[in-house]
S.K.: 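Starting off with a structure, shown below.
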Amino acid sequence: MSIEIYNTKTGQKSPLVTLEEGKIKLYVCGITAYDYCHIGHARSALVFDMIVRYLRYRGYEVTFIRNFTDIDDKIIKRAQEQNTTCEELSNRFITMFHEDMASLGILPPTIEPKATEHLPEIIGLIEDLIRKGLAYQVAADVYFRVTGFNGYGSLSGRNLDEMQAGARVSINEKKEHPMDFALWKGSKPGEPTWESPWGPGRPGWHIECSAMSRKYLGNSFDIHGGGKDLIFPHHENEMAQSEGATGEEFVKYWMHHGFVTIKEEKMSKSLGNFLTIREVIARFAPEALRLFIFSTHYRNPLDYSEAALLDAVAGLNRLYTCLAEIEQLPATGNDQAASAIPKTDREKIETIAERFRKAMDNDFNSAQALGHLFEGVKIINKIRQHLPGKPASLDLQLLKQGAETTRDMANTLGLLTENPTLYLQKEQGKILKTLSLTPEEIENAITERTTARETKNWTLADEIRDQLLAKGIELKDGPAGTAWQVKLP
RNA sequence: GGCGGCGUAGCCAAGUGGUAAGGCAGUGGUCUGCAAAACCAUUAUUCAGCGGUUCAAAUCCGCUCGCCGCCUCCA
């Protein structure tokens, strides 16, 4: 079975057939570096991280390009506000971006090109377009002639007449057609400037991606991705530029992910309703954010809330707890004993990987894939719970294999990458730091309670236990004494 | 106005023609002096509403209602 991918351009899923056998060339639009990244950016990065990881797991050699836009109107404006240069500003936020990506455990792309480092390629592409009659110069600017490219609108499913009827397009008298867009902008005093055949200026927003993808991936490549908000105009314009210049099909599969919303409203800088990645990571484990993001299909909207993150934390704890419990199992069992595991359960465990792959092959349906992992965990837990004192070796082996498969599959999503026991300890440690209690105080209270229990003073014993619980410490009475742990969300 | 998407249990969320995955929360149970944790079991005769196609529909078609996004910078 092959992987099926939903292609924005065709509006349907189709089997992934790569240009070159076993290889995938992927270009993703990265950030415009002028501010901290928010959860929406995290979703974009995580979705494509998952896609890259999964494609590699499925045997593809993936060349992954993710660019930085380090020159544009917003950067110029913000730099002026902060009384700094565009270069300093964009470099600062690129560094922040890298820190955020590292904290989220996102694999670095093969290449991360910047617009400002590709001026020769950009200028060359614009010259190609002018030569082909697809671009024209007006004063210091160069515009793309949308009426000269007859596929214009085919990606976003629009046509030029409809878009003009929208009336939100401002009329610029210099342009031949209201929808024509800038390839090159003559610079105003004080703005970053590069020399060009059309005078000093800077590139328009869309041309950089056409130039850089062409340089690193060629005229034609397999997958181009980004957020849904990039479909129009950004990707529509990129496609027009690239196909106009080369005459070849620019991209085979266009992939666009949905937005992160807050209270059902799109998270965006202009609305001011965003949380930065660092704010969220300060409170929740990076893998919890991952689990949250992957708990819905990448094309659907995803509503951020604290409650939703806490759900994800609980889910992640369930997964890690299962793995930790399986690690505690004895290494050897009874070689003679027959398996005590029902056939249906055995089959469920044995087919975890197969079912996981089937879900992921279906347009990266991580929500369904995770459902299979949770179902597997449920069965593994059930079997483990009912294991006899001297379990059959066969059954121990099945449980261990099931846990290992679960971990391997989760790894292809960047989940369950930590040692289970250490992860759980670390999470508890993080919470303990926020509590007004030291381990010594807890131990002392337990000693006091143990004495009370020995004299069957249940009232006092329960009181001590309740007081600790109110502070977030759970006690576990066992044969070997009383252990404590921090209450996880 | 144009284009696109969504509406599944208390909440989140899979499921694109064959009789409702999974997670969180809740409830019952195992364990325990009682608990907690963990685990198990259980929770939608029904998929926004109304029609239609079909032996069969959450899934296809039509209409209605509600929500969201893009058309301007945006992941």
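Note that the structure is a prediction, hence the values are computed from the model and not measured. Letters A, B, ... are given to chains in the order of the sequence lines, protein chains preceding strands, and every chain is numbered from 1.
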S.K.: Would you kindly give the CD-to-P distance between E236(A) and G4(B), to the nearest whole Å?
M.R.: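 Distance, rounded to whole Å: 14 Å.
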
S.K.: Testing F68(A), Y36(A), Y34(A) one by one against F93(A) for a ring pair (Phe, Tyr, Trp, His ring centres under 6.0 Å), which residue passes?
M.R.: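 Result: among F68(A), Y36(A), Y34(A), Y36(A) is the only option passing the ring pair (Phe, Tyr, Trp, His ring centres under 6.0 Å) with F93(A).
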
S.K.: Only distances under 3.5 Å count here; give the side-chain donor-acceptor pairs of residues 456-469 of chain A to other protein atoms, sequence neighbours excluded, each with its distance to 0.1 Å.
M.R.:
from	atom 1	to	atom 2	distance (Å)
N457(A)	OD1	L460(A)	N	3.3

S.K.: May I ask you to check whether over 12 heavy atoms, not counting those of K471(A), lie within 6.0 Å of atom NZ?
M.R.: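 No, NZ of K471(A) has 12 or fewer neighbouring heavy atoms, counting only those of other groups under 6.0 Å.
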
S.K.: Using a cut-off of less than 4.0 Å, is there contact between a side-chain N or O of R318(A) and OP1 or OP2 of G23(B)?
M.R.: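 So the side chain of R318(A) is within the cut-off, an N or O lying under 4.0 Å from OP1 or OP2 of G23(B).
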
S.K.: Classify G40(A) by what it touches in the nucleic acid, base, sugar-phosphate, or nothing, heavy-atom distance under 4.0 Å.
M.R.: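 Base contact - G40(A) has a heavy atom under 4.0 Å of at least one base atom.
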
S.K.: Is the positively charged end of K13(A) above the ring of Y6(A), judged by distance under 6.0 angstrom from the centroid and angle within 45° of the axis?
M.R.: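 Negative - K13(A) is either too far from the ring of Y6(A) or too far off its axis.
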
S.K.: Distance check, P atoms only: G1(B) and A13(B), in whole angstrom units.
M.R.: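 The answer is 29 Å between these two P atoms.
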
S.K.: Could you provide the dot-bracket string of RNA chain B, using ( ) for intrastrand pairs, [ ] for crossing pairs and | for bases paired to another strand, with Watson-Crick or G-U pairs below 3.5 Å?
M.R.: ((((((((.[[[..)..(...]]].(((((.......))))).....[[[[[..)....]]]]])))))))....

S.K.: Base, sugar-phosphate or nothing for K456(A)? Non-hydrogen atoms, less than 4.0 Å.
M.R.: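 It contacts nothing in the nucleic acid.
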
S.K.: Relative to the 5' end of RNA chain B, which residue comes earlier, S44(A) or S156(A), by the nucleotide with the nearest heavy atom?
M.R.: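 The answer here is S156(A).
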
S.K.: May I ask you to decide if the ring planes of H38(A) and H41(A) are parallel, tilted or perpendicular, using 30° and 60° as cut-offs?
M.R.: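 Tilted: the ring planes of H38(A) and H41(A) meet at 30° to 60°.
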
S.K.: Choose from G22(B), A75(B), A38(B) the nucleotide whose nearest atom is closest to any side-chain atom of K266(A).
M.R.: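 Of all the options, the side chain of K266(A) is nearest to A75(B).
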
S.K.: With rounding to whole Å, what would you report as the distance between G69(B) and C60(B) at their P atoms?
M.R.: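 Their P atoms lie roughly 24 Å apart.
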
S.K.: Starting from P on C3(B), measure out to CG on L160(A) and report it in whole angstrom.
M.R.: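 That distance rounds to 15 Å.
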
S.K.: With C1' as the reference atom in both, quote the distance from A9(B) to G5(B) in angstrom, rounded to an integer.
M.R.: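 So the two C1' atoms sit 23 Å from each other.
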
S.K.: Distance-only criterion, 3.5 Å: show the donor-acceptor pairs between side-chain atoms of residues 321-329 of chain A and protein atoms not counting sequence neighbours.
M.R.:
from	atom 1	to	atom 2	distance (Å)
T321(A)	OG1	N317(A)	O	2.5
E327(A)	OE1	T421(A)	OG1	3.4

S.K.: Using a cut-off of less than 4.0 Å, is there contact between a side-chain N or O of R66(A) and OP1 or OP2 of A75(B)?
M.R.: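 No, outside the criterion.
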
S.K.: Could you give the CD-to-P distance, from Q425(A) to A37(B), as a whole number of Å?
M.R.: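 The distance from CD of Q425(A) to P of A37(B) comes to 19 Å, rounded to the nearest Å.
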
S.K.: Near RNA chain B, counting only heavy atoms under 4.0 Å, which residues of residues 72-81 of chain A show up?
M.R.: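 Only K74(A) qualify.
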
S.K.: Apply the test salt bridge (Lys or Arg N to Asp or Glu O under 4.0 Å) to residues K185(A) and E191(A): give CA-CA distance (whole Å), side-chain angles for both, the deciding distance (0.1 Å), then the verdict.
M.R.: CA-CA 11 Å; K185(A) 297 178 176 184; E191(A) 292 180 354; over 6 Å; no

S.K.: Collect all protein-nucleotide pairs involving nucleotides 9-16 of chain B in which both atoms are nitrogen or oxygen and the distance is under 3.5 Å.
M.R.:
from	atom 1	to	atom 2	distance (Å)
A13(B)	O3'	T296(A)	OG1	3.1
A14(B)	OP1	T296(A)	OG1	2.9
A14(B)	OP1	H297(A)	N	2.8
A14(B)	OP1	N300(A)	OD1	3.1
A14(B)	O3'	N365(A)	ND2	2.8
A14(B)	O2'	Q368(A)	NE2	3.4
G15(B)	OP1	N365(A)	ND2	2.5

S.K.: If I take atom CD1 in residue I379(A) and atom C1' in nucleotide A41(B), what distance separates them, rounded to the nearest angstrom?
M.R.: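 Distance check: I379(A) CD1 to A41(B) C1' gives 14 Å.
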
S.K.: Are E81(A) and R78(A) close enough for a salt bridge, meaning some N to O gap below 4.0 Å?
M.R.: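 A salt bridge is present here (some side-chain N lies under 4.0 Å from a carboxylate O).
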
S.K.: Go through the steps to decide whether R357(A) and E354(A) satisfy the test salt bridge (Lys or Arg N to Asp or Glu O under 4.0 Å), and finish with yes or no.
M.R.: CA-CA 5 Å; R357(A) 275 197 295 269; E354(A) 186 184 320; over 6 Å; no

S.K.: At under 4.0 Å between heavy atoms, what does V47(A) touch on the DNA or RNA strands: base, sugar-phosphate, or nothing?
M.R.: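 Answer is nothing: V47(A) stays at 4.0 Å or more from every strand.
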
S.K.: If the sugar-phosphate is the primed atoms plus P, OP1 and OP2 and the base is the rest, what is the B/S/- string for nucleotides 28-36 of chain B, using protein heavy atoms under 4.0 Å?
M.R.: -----BBBB

S.K.: Which whole number of Å gives the distance between the C1' atom of C11(B) and that of U16(B)?
M.R.: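 Result for the C1' pair: 25 Å, nearest Å.
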
S.K.: Where the side chain of K378(A) is defined as all heavy atoms beyond and including C-beta, which of A41(B), C24(B), C73(B) is the nearest nucleotide?
M.R.: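 So the nucleotide nearest the side chain must be A41(B).
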
S.K.: Side chain of E375(A): nearest nucleotide among G69(B), C40(B), A21(B)?
M.R.: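 Of all the options, the side chain of E375(A) is nearest to A21(B).
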
S.K.: In whole Å, measure the gap between the P atoms of G23(B) and U64(B) for me.
M.R.: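 One P to the other, the span is 40 Å.
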
S.K.: Rounded to whole Å, please give me the gap between CG in N317(A) and P in C39(B).
M.R.: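 For the pair N317(A) CG and C39(B) P, the rounded distance is 10 Å.
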
S.K.: Output the single nucleotide from G2(B), G23(B), A75(B) whose closest atom is nearest the side chain of T32(A).
M.R.: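 Taking heavy atoms from C-beta onward, the closest nucleotide is A75(B).
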
S.K.: In this structure, how many angstroms lie between the C1' atom of A75(B) and the CG atom of D49(A), rounded?
M.R.: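 Rounding to the nearest Å, CG of D49(A) and C1' of A75(B) are 15 Å apart.
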
S.K.: Would you please classify the geometry between the Y298(A) ring and the F364(A) ring as parallel, tilted or perpendicular, with 30° and 60° separating the classes?
M.R.: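 The rings of F364(A) and Y298(A) stand perpendicular, inter-plane angle above 60°.
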
S.K.: May I ask you to say what G227(A) touches in the nucleic acid, namely base, sugar-phosphate or nothing, with a heavy-atom cut-off under 4.0 Å?
M.R.: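 It contacts sugar-phosphate atoms only.
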
S.K.: What interatomic distance, in whole Å, is found between P of U42(B) and the corresponding atom of C47(B)?
M.R.: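 23 Å, rounded to whole Å.
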
S.K.: Y320(A) vs Y423(A) aromatic rings, parallel, tilted or perpendicular, using cut-offs 30° and 60°?
M.R.: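 Parallel.
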
S.K.: In whole angstrom, what separates D161(A)'s CG from G1(B)'s P?
M.R.: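 So the two atoms are 18 Å apart, to the nearest Å.
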
S.K.: Specify whether F232(A) and Y152(A) have parallel, tilted or perpendicular ring planes, treating 30° as the upper limit for parallel and 60° as the lower limit for perpendicular.
M.R.: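 Ring orientation of F232(A) relative to Y152(A): perpendicular.
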
S.K.: Tell me which nucleotide among C71(B), A75(B), A38(B) gets nearest to the side chain of H257(A).
M.R.: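 Output: A75(B).
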
S.K.: Do R145(A) and D180(A) meet the salt-bridge criterion of a basic N to acidic O distance under 4.0 Å?
M.R.: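 Judged by the 4.0 Å cut-off on N to carboxylate O distance, D180(A) and R145(A) do not form a salt bridge.
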
S.K.: Would you sort out whether E350(A) and R346(A) count as a salt bridge (Lys or Arg N to Asp or Glu O under 4.0 Å), showing the intermediate values?
M.R.: CA-CA 6 Å; E350(A) 283 170 343; R346(A) 174 173 289 277; 3.7 Å; yes

S.K.: If we take the C1' atom in both A57(B) and G18(B), what is their distance in whole Å?
M.R.: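 Those two atoms are separated by 9 Å.
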
S.K.: Quickly work out the Y320(A) OH to A38(B) C1' distance and round it to whole Å.
M.R.: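 Rounded to whole Å, this separation is 19 Å.
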
S.K.: Below 4.5 Å, heavy atoms only, C-beta onward: do M255(A) and I51(A) meet side chain to side chain?
M.R.: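 Heavy-atom side-chain distance check passes, below 4.5 Å.
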
S.K.: Which whole number of Å gives the distance between the C1' atom of C40(B) and that of G51(B)?
M.R.: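 These two C1' atoms come out 45 Å apart once rounded.
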
S.K.: Does this structure show an ion pair linking D72(A) with R202(A), if we count only N-O contacts that are shorter than 4.0 Å?
M.R.: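 Looking at R202(A) together with D72(A), the answer is no, because their closest N to O distance does not fall below 4.0 Å.
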
